[in-house]
Amino acid sequence: MAATNKQTKSTDAIVLLKEDHKEVLRLFRDFEKTGEDAYKEQGRLVDRIVELLTVHTYIENEVMYPRVRELLPDLEDDGLESYEEHHVADVLVVELSMMKPDDERFDAKTTVLIENVEHHIDEEEKEWFPTVREGLGRKQLQEIGAEMLERRKNAPTRPSQVKALKKTIDAMRA
């Protein structure tokens, strides 16, 4: 997300994820400001939201959460909850990616996605990130962040891509 658009100075995993959060929250605000019948702009914004969330949940699920679970086993329950929150977002993203902006439920589905993702971001930034930072420290977070940046290069950008579909199917089987 943010890290793909500009040169990021930090490889700290939490800093990288917060940059992603800022960008997606900005897009949420932009969507909420669109007027009724602004279908073209709503479609463009949701398309970008779908892309950003697909990449973000992929690198978190593939790198951040497994590494934290391995290094801080006491946070197992938090990690499992985060996987489930991502799964809910993934389902909504898949559905939105198959809809047209003028579909009857497009706006409502986008609103539900925004509410769910905002809740997830709030919990992550206020509760989980501080605990992870305290438990891992700077060096480990930089190593995880470097791995996340590497994985981001080949991360899926559409929910229909095989890597994204595998992530969604794995969440349903767990």
Side-chain angles (χ1 to χ4, degrees), residues 1-29 48-96 112-159 161-174:
M1 281 187 220
T4 59
N5 297 334
K6 62 185 178 198
Q7 192 73 340
T8 302
K9 293 179 183 173
S10 177
T11 60
D12 181 296
I14 292 173
V15 170
L16 296 173
L17 294 173
K18 283 184 170 185
E19 287 176 1
D20 286 357
H21 291 170
K22 282 181 196 167
E23 188 167 351
V24 80
L25 289 170
R26 182 187 55 78
L27 289 169
F28 288 169
R29 297 298 77 81
R48 184 70 179 129
I49 289 166
V50 164
E51 178 183 336
L52 294 175
L53 289 177
T54 301
V55 172
H56 180 81
T57 60
Y58 177 80
I59 64 170
E60 266 191 326
N61 286 6
E62 294 294 314
V63 181
M64 184 69 169
Y65 295 159
R67 294 283 284 138
V68 170
R69 287 177 77 184
E70 169 193 327
L71 298 168
L72 300 172
D74 289 349
L75 297 182
E76 175 81 11
D77 288 343
D78 294 332
L80 293 174
E81 181 180 340
S82 291
Y83 279 119
E84 293 306 318
E85 289 173 347
H86 278 193
H87 177 64
V88 170
D90 289 341
V91 169
L92 292 167
V93 160
V94 166
E95 292 173 357
L96 280 165
V112 171
L113 175 67
I114 290 169
E115 289 169 354
N116 277 283
V117 171
E118 284 177 340
H119 167 80
H120 175 73
I121 288 171
D122 189 56
E123 275 189 346
E124 212 168 53
E125 290 193 2
K126 289 181 180 170
E127 299 168 23
W128 198 66
F129 284 170
T131 305
V132 169
R133 181 170 298 290
E134 185 178 312
L136 295 184
R138 188 170 182 234
K139 186 176 188 306
Q140 284 180 311
L141 285 169
Q142 288 176 333
E143 290 170 1
I144 293 168
E147 186 179 345
M148 286 170 37
L149 287 172
E150 191 59 35
R151 284 285 185 98
R152 184 186 301 269
K153 293 175 186 175
N154 296 308
T157 57
R158 305 300 309 161
Q161 290 176 285
V162 174
K163 288 179 182 179
L165 288 171
K166 180 190 178 306
K167 172 177 63 90
T168 304
I169 290 167
D170 288 347
M172 289 188 298
R173 283 196 235 157

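The aromatic rings of Tyr65 and His86 lie tilted to each other, with the angle between the two planes from 30° to 60°.
Taking the side chain as every heavy atom from C-beta outward, Ile144 and Val63 approach each other to under 4.5 Å. Looking at heavy atoms from C-beta onward, Arg67 lies out of side-chain contact with Met148 at the 4.5 angstrom threshold. Between His119 and Glu123, some side-chain heavy-atom pair lies under the 4.5 Å cut-off. Using a 4.5 Å heavy-atom cutoff, the side chains of Leu149 and Arg152 are in contact. Contact of the Leu92 side chain with the Val117 side chain is not registered, since no non-hydrogen atoms from C-beta on lie closer than 4.5 Å. Counting heavy atoms from C-beta outward, Thr157 and Thr54 have side chains that stay 4.5 Å or more apart.
Residues satisfying the side-chain hydrogen bond (donor to acceptor under 3.5 Å, both in side chains) test with Arg138, not counting sequence neighbours, are none.
Listed here is the closest heavy atom pair of Met64 and Ala13: SD-CB, 3.8 Å.
Side-chain N or O atoms of Asn116 include one that pairs as donor or acceptor with a backbone N or O of Val112 at under 3.5 Å.
Surrounding CD of Glu134 are at most 12 heavy atoms belonging to other residues, nucleotides or ligands under 6.0 Å away.
Each of Lys18, Arg133, Lys139 was evaluated against Asp12; a single residue qualifies, Arg133, per the salt bridge (Lys or Arg N to Asp or Glu O under 4.0 Å) test.
Taking a cutoff of 4.0 Å between a charged side-chain nitrogen and a carboxylate oxygen, Arg48 and Glu23 qualify as a salt bridge.
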